[in-house]
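The structure appears right after this line, and notes come after that.
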Amino acid sequence: MTKGLGPVNVKNMIAYCGSAHAIFESSPAKLSKAPGIGQKLARLALDSPMLAKAEKEIAFCGKHDIQIMSYLHEAYPNALKFIHDAPLFLFQKGAINLNQQTNLAIVGTRKATAYGQALAEEFSQFFAERGINVVSGLAYGIDITAHRAALAVGGKTTAVLAHGLDMMYPAVHKSKALKMLESGGWVSEYFTGTKPEPPFFPARNRIISGICQGVLVVEAGEKGGALITARTAFEQNRQVYAIPGRLSDPYSQGCHRLIAEDIARLVTRPQQILDDLEIDWQHHDDLTEQLNLFLPAPEILLTAEEAKILNFLAQGEAVVDQIGQATGIPMARLQSLLLSMEFKSLVRQLPGKKFLKI
């Protein structure tokens, strides 16, 4: 809540001091030595009048069943931790744990055509029927169509919002949003009382793509939030997909551009996405079973972290970022483990920082 202290500065202070609690037990002189902090930011952190306001936020969230997750919290989405501008906090309401199932985003224009709505419904229901959490932004058009379709088949769906979780925008979607809480949920990086402002919508799109394994753009014009989400997803090393339309349709031009620029892969059927991402949906309801799917009896004793890595690599070669996202192992720890596993002849490093199970 303290202006002037962004996510990078706060993470540096926590890493330097050892915990968030330890920051407030530090002297200004000690805190100023944290990377990038200095005396001015140290004084700002320790003299902030925001602690009382923070206590009120915690009390309000507790009363209204809003979960507060810092980036150190076990339920904070593992995939999101690996993007450079990940929020320090996420607020979540509902019955969803984003680390316990596959999350796929469906986004598109607010001015969806009947063609786009029909496709968004088809893809969303296909994913939801297979236990996949359909993620979108609750906006008019493609977003709300995807949410409604997932709910219609009793599936999971999550809305990433550009305001505090004590309100709902658009208000007309409140009944569907409340229905989401039974098996999905709402997610936001904004404190309660924060109203939706224009800059917050493109900012929240990095969370939509950041928590997902892939992003599908159903319809998009030459400009708009869906294209921002797609380009952000591409920068985050997420797989982007787009559905083509008629050449004369203005709300297919964005999809065509994403395909032409090799940002998105052209898809016409939902099964193409599951095949491309190698998602075996039958096993996503049982993570314990899934962990043991591909792991043969080892000749040497493995740690739990090594087992996770080998289980993931049994599906094929992968870059370090993909391994980290799949296993939830912090990057510094992961690199050390991979080096150790090379010495044990468990994995082999390939060009481009890819690793292969031996």
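Starting from 1, each residue takes its place in the sequence as its number. All values derive from a computational prediction rather than experimental measurement.
- Once rounded to the nearest 0.5 Å, the distance linking CD1 of Ile279 with CD of Gln101 reads 11.5 Å.
- Nearest heavy-atom pair across Gly116 and Val218 is O-CG1, 3.4 Å.
- At least one side-chain heavy atom of Gln92 sits less than 4.5 Å from a side-chain heavy atom of Gln67.
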Exercise. So Met168 and Leu161, side chain to side chain contact (heavy atoms under 4.5 Å, CB included) or not? Walk me through it.
Worked result: CA-CA 8 Å; Met168 185 51 59; Leu161 304 173; 4.0 Å; yes
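- Two residues are said to be in side-chain contact when any heavy atoms from C-beta on lie closer than 4.5 Å; Ser70 and Leu88 fail this criterion.
- A salt bridge links Glu305 to Arg333: at least one charged side-chain nitrogen sits closer than 4.0 Å to a carboxylate oxygen.
- The aromatic rings of Phe91 and Phe89 lie parallel to each other, with less than 30° between the two planes, well short of the 60° mark.
- The distance from atom CZ of Arg348 to atom CG of Leu338, rounded to the nearest 0.5 Å, is 14.0 Å.
- At a cut-off of 3.5 Å, with distance as the only test, a side-chain donor of Gln271 or Asp275 sits close to an acceptor on the other residue.
- Other residues, nucleotides and ligands contribute over 12 non-hydrogen atoms within 6.0 Å of the CZ atom of Phe201.
- Shown are Thr145, Thr229, Asp143, Thr158; of these, the side chain to side chain donor-acceptor pair (under 3.5 Å) with Ser136 is made only by Asp143.
- Shortest non-hydrogen contact noted between Ile96 and Ser183 is CD1-O, 3.6 Å.
- Here the OG-CD1 distance, from Ser32 to Ile37, works out to 9.5 Å after rounding to the nearest 0.5 Å.
- Across all non-hydrogen atoms, the minimal contact from Ser26 to Lys30 is OG-CD, 4.0 Å.
- Within the model, atoms CD of Gln236 and OG of Ser209 stand 3.5 Å from one another, a figure rounded to the nearest 0.5 Å.
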Problem set entry | Derivation and outcome, side chain to side chain contact (heavy atoms under 4.5 Å, CB included), residues Leu356 and Gln349 | CA-CA 6 Å; Leu356 179 69; Gln349 185 170 0; over 6 Å; no
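- Because its NZ or CZ atom is not both nearer than 6.0 Å to the ring centre of Tyr71 and within 45° of the ring axis, Lys81 does not count as a cation-pi partner of that residue.
- For the 3.5 Å distance criterion, the side chains of Thr113 and Gln117 fail to qualify, holding no donor opposite an acceptor.
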Exercise. Given Thr102 and Asn133, is the side chain to side chain contact (heavy atoms under 4.5 Å, CB included) satisfied, shown in steps?
Worked result: CA-CA 6 Å; Thr102 297; Asn133 179 37; over 6 Å; no
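- Across every non-hydrogen atom of Ser124 and Ala146, the tightest pair is OG-O, 2.6 Å.
- Distance CG/Leu51 to NZ/Lys53: 12.5 Å, rounded to 0.5 Å.
- Side-chain contact between Leu104 and Cys212 is absent, with no heavy atoms from C-beta onward closer than 4.5 Å.
- Counting only heavy atoms from C-beta outward, the side chains of Phe123 and Ile243 approach each other to under 4.5 Å.
- Residues satisfying the ring-ring contact (aromatic ring centres under 6.0 Å, His included) test with His73, not counting sequence neighbours, are none.
- Side-chain atoms of Glu25 never come within 3.5 Å of backbone atoms of His21 as a donor-acceptor pair (strictly under, hydrogens ignored).
- Not counting sequence neighbours, Glu121 has no partner by the side-chain hydrogen bond (donor to acceptor under 3.5 Å, both in side chains) test.
- Phe24 is linked by a ring-ring contact (aromatic ring centres under 6.0 Å, His included) to nothing, counting only residues two or more places apart in sequence or in another chain.
- Between Glu189 and Arg204, none of the side-chain N atoms (NZ, or NE/NH1/NH2) sits under 4.0 Å from a carboxylate O, so this pair counts as no salt bridge.
- Tracing side-chain contacts under 4.5 Å through hydrophobic residues (I, L, V, M, F, W, Y), one never reaches Leu350 starting from Leu310; they form parts of separate clusters.
- Scanning both residues, Pro35 and Asn12, for their nearest heavy atoms gives O-ND2, 3.1 Å.
- A distance-only check finds no donor-acceptor pair linking the side chain of Trp186 to the backbone of Leu181 [under 3.5 Å].
- Within the 3.5 Å criterion, the main-chain N or O of Leu44 finds no donor-acceptor partner in the side chain of Ser48.
- Between Tyr190 and Phe200, a ring centre-to-centre spacing shorter than 6.0 Å is recorded.
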Exercise. After noting the C-alpha distance and the side-chain angles of Val217 and Tyr241, does the key distance pass the side chain to side chain contact (heavy atoms under 4.5 Å, CB included) rule?
Worked result: CA-CA 6 Å; Val217 183; Tyr241 304 93; over 6 Å; no
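- Under the 4.5 Å side-chain heavy-atom criterion for ILVMFWY residues, no single connected hydrophobic cluster contains both Ile132 and Leu80.
- Judged by distance alone, with hydrogens and angles left aside, the side-chain atoms of Arg206 form a donor-acceptor pair with the main-chain N or O of Asp85 at under 3.5 Å.
- A donor and an acceptor atom, one from each side chain of Asp321 and Asn237, are nowhere located under 3.5 Å apart.
- Checked by atom type and distance alone, the side chain of Glu57 pairs as donor or acceptor with a backbone atom of Thr192 at under 3.5 Å.
- Ring centroid separation for the pair Tyr115 and Tyr251 does not come in under the 6.0 Å cut-off.
- Using a 4.5 Å heavy-atom cutoff, the side chains of Glu317 and Lys354 are in contact.
- Cluster annotation: Ile358 is not connected to Ile323 through the hydrophobic network of ILVMFWY side chains, with a link wherever side-chain heavy atoms come within less than 4.5 Å.
- Counting heavy atoms from C-beta on, the side chains of Thr157 and Leu151 come closer than 4.5 Å.
- Residues Ile208 and Leu227 share a hydrophobic cluster, clusters being chains of Ile/Leu/Val/Met/Phe/Trp/Tyr side chains in contact below 4.5 Å.
- Of the possible polar contacts, none joining the Thr109 side chain to the Ala112 backbone as a donor-acceptor pair under 3.5 Å is found.
- Listed for the Asp166 side chain is a donor-acceptor partner under 3.5 Å among the backbone atoms of Gly193.
- Not a single donor-acceptor pair under 3.5 Å links the side chain of Gln325 to the backbone N or O of Gln322.
- Atom CD of Gln39 is surrounded by 12 or fewer heavy atoms from other residues, nucleotides or ligands within 6.0 Å.
- One hydrophobic cluster holds both Leu72 and Val10 under the rule that ILVMFWY side chains link at heavy-atom gaps under 4.5 Å.
- The two residues Ala230 and Leu258 come nearest to each other via the heavy atoms CB-CD1, 3.7 Å.
- Residues Leu274 and Phe126 form a side-chain contact, since some pair of their non-hydrogen atoms from C-beta on lies under 4.5 Å apart.
- Asn205 places a side-chain N or O within donor-acceptor distance of the main-chain N or O of Gly225, the cut-off being under 3.5 Å.
- Asn9 places no side-chain N or O within donor-acceptor distance of the main-chain N or O of Leu41, the cut-off being under 3.5 Å.
- Under the 4.5 Å side-chain criterion, counting only non-hydrogen atoms from C-beta, Ile309 is in contact with Ile329.
- In summary, Arg231 and Glu261 engage in a salt bridge, as defined by a charged side-chain N under 4.0 Å from a carboxylate O.
- Distance check, rounded to the nearest 0.5 Å: OG1 of Thr327 to CG of Asn78 gives 8.0 Å.
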